[in-house]
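Written out below as structure tokens is the structure these notes cover.
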Number of protein chains: 2
Amino acid sequence: MASDMATSLKVERKPKLSETVVAAIRKQLQAGEIQPGQKLPTEGQLTETFGVSRTVIREALAKLAADGLVEPRQGAGVFVTEHISTMFGALAADMGSKDSIALNVLEVRLAIEIESAGLAAVRRNAAQEAGIQEAFFEFERLLLNSEPTGPADLAFHRAIASATNNPFYVEMLDVLGRRAIPCDVTSPWSTELAQSDVYQRGLQREHLVILNAITAGDAEAAREAMRAHLTASQQRYRERLHARQVFYADSVKAAATE
Amino acid sequence: MASDMATSLKVERKPKLSETVVAAIRKQLQAGEIQPGQKLPTEGQLTETFGVSRTVIREALAKLAADGLVEPRQGAGVFVTEHISTMFGALAADMGSKDSIALNVLEVRLAIEIESAGLAAVRRNAAQEAGIQEAFFEFERLLLNSEPTGPADLAFHRAIASATNNPFYVEMLDVLGRRAIPCDVTSPWSTELAQSDVYQRGLQREHLVILNAITAGDAEAAREAMRAHLTASQQRYRERLHARQVFYADSVKAAATE
DNA sequence: CCGAATTTGTACGTATGTATA
DNA sequence: CTATACATACGTACAAATTCG
């Protein structure tokens, strides 16, 4: 059973040549060995240096292009994309496509919630405003009792969506939320970090800014506060993904040395 | 060889076989012809039905998989993932007819497009920027020739969504756009007003502001320009609804006096 | 439990078109 | 105009995983 011969690791069943190439090139790009706008080696050169067929090289380049890291131009060559520094792609490219999809979905959710916050600020009625506040204080209560705050967090966002008086916002939130990450604190990510007090305290602080803007009827401020909250959540999510990646890498390494 | 083929498509450059296959399969998926969880035809069958090589089929499937629409499993087949668009398809199917729904959907679309414009400003690469410009000038050309500009308008917005490098924005736009108003100028609303020159000229002016902001890389300006454009579109849509209402009232009155 | 058939994954070779330099 | 290099496409072969008899 301990056949370290064909050690196809449980986590990574695919050594996959093209992935190896992708990883190698990606590393070079992140190290800045090839500056943005510069041309990569030709496919022919790459086939030589990596010792694989052109098909593999093409597949690898296609994957990189799909992530937006490089931009092939017919007849000229493959060039490094200019604005990779700002885009999450640089980070997203590190992980599998599934996580990349989750991030993309989260981003769409961000777009929707930003606008819903702005609309809630100008459209909410008394009952809806009360509903948002109620969710906020419920979060507070759970926090003090050290109970899981996940549902309250979701309820807070849901109340805001509801206050737009556009039922589609709630629908969208439900659909997106169920599918990919209820913003924060949940599911496969029940790490200590996510559950830590200071972490949730930070969330609540961001929630308060949103709440104040909405009760003040300031749409612009509400949008800005929600944007800040969700971009911060995105960042936290990325960090958690990265942590998992490191964990995986370690476990692979451990398995290999066995 | 009088094989002038099927070059009836207006796409000037790349028919691109794999893209054709992608579009065809995507259409089937969105139409719900293959339910989530179901298996697609095998690669061999697809090569036969489409009359192309397996390479093309594989490339097309790779793209669909990159977008998270399908999930290939070695030895078993390619399966449809439960996807947001299908959920929205079912969601929007219930309420396609009512105008108030249409307005609400338009509002959600507004949220999505505002953010996509901002993202496009900072993430677009050269090719994507060219695509947006191309759509813009296509609109211009059609305007001068007094041809219907609807498709070009849609293409402009679609190009911007595409420039976010987040395929979900395009997905959402496709789903929402089909169900409820392609922004402006189309479908049940082919009034003289909608087709008037000054009207479309105004649209193009708004488009220009968006285009300039994106090419300048100014995310905030892009968002603001898109917001202005879509809220103006909302307003125009409401006015058209009102106009129809008046027309209806008049006809009722006329019928009554008869 | 095993093995054969099916289906996708990977790989290589080749040919032609097309844009760039 | 020519040469280079990428884009597209087809064909083939074998490997690996799954399914099912």
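Letters A, B, ... mirror the listed sequences (proteins, then strands); counts begin at 1.
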Worksheet item: Taking OP1 and OP2 of C:dA11, is either one under 4.0 Å from a side-chain nitrogen or oxygen of A:Ser53?
Response: no

Response to the item:
note: B:Gln74, atom CD; D:dA16, atom P; distance rounded to Å ~ 9 Å

Item to complete: Check the distance between C:dT7's P and B:Phe79's CZ and give it to me in whole angstrom.
Response: 11 Å

Item to complete: To the nearest Å, give me how far apart CD (B:Glu48) and P (D:dC10) are.
Response: 14 Å

Worksheet item: Can you list the residues that meet the ring pair (Phe, Tyr, Trp, His ring centres under 6.0 Å) rule with B:Phe139, with sequence neighbours excluded?
Response: B:His207

Discussion item. Rounding to an integer number of Å, can you tell me how far A:Lys39 NZ sits from C:dT20 P?
Written reply: 14 Å

Worksheet, complete the sentence: Among D:dA5, D:dT8, C:dT8, the one nearest any side-chain atom of B:Lys16 is D:dT8

Worksheet item: Would you call B:Arg158 and B:Glu138 a salt bridge, taking side-chain N to carboxylate O under 4.0 Å as the test?
Response: no

Response to the item:
Sorted by chain and number, sequence neighbours left out, salt bridge (Lys or Arg N to Asp or Glu O under 4.0 Å) with B:Glu43 holds for B:Arg54, B:Arg58

Worksheet item: To the side chain of B:Thr42, which of D:dC6, C:dT8, D:dT19 is closest?
Response: C:dT8

Item to complete: Between D:dA9, D:dA7, C:dT8, spot the one nearest the side chain of B:Leu17, thanks.
Response: D:dA9

Fill in: CA sep, side-chain torsions, deciding dist, call: B:Arg26, B:Lys63, side chain to side chain contact (heavy atoms under 4.5 Å, CB included)
CA-CA 11 Å; B:Arg26 181 173 276 151; B:Lys63 211 161 237 176; 6.0 Å; no

Worksheet item: Are any of the side-chain nitrogens in B:Glu115 or A:Arg227 under 4.0 Å away from the carboxylate oxygens of its partner?
Response: yes

Item to complete: Round to the nearest Å and state the distance from B:Arg73 atom CZ to D:dA16 atom P.
Response: 20 Å

Practice prompt. Go through residues 54-64 of chain B and report each residue with a non-hydrogen atom lying under 4.0 Å from DNA chain D, sorted by number.
Written response: B:Arg54, B:Thr55, B:Val56

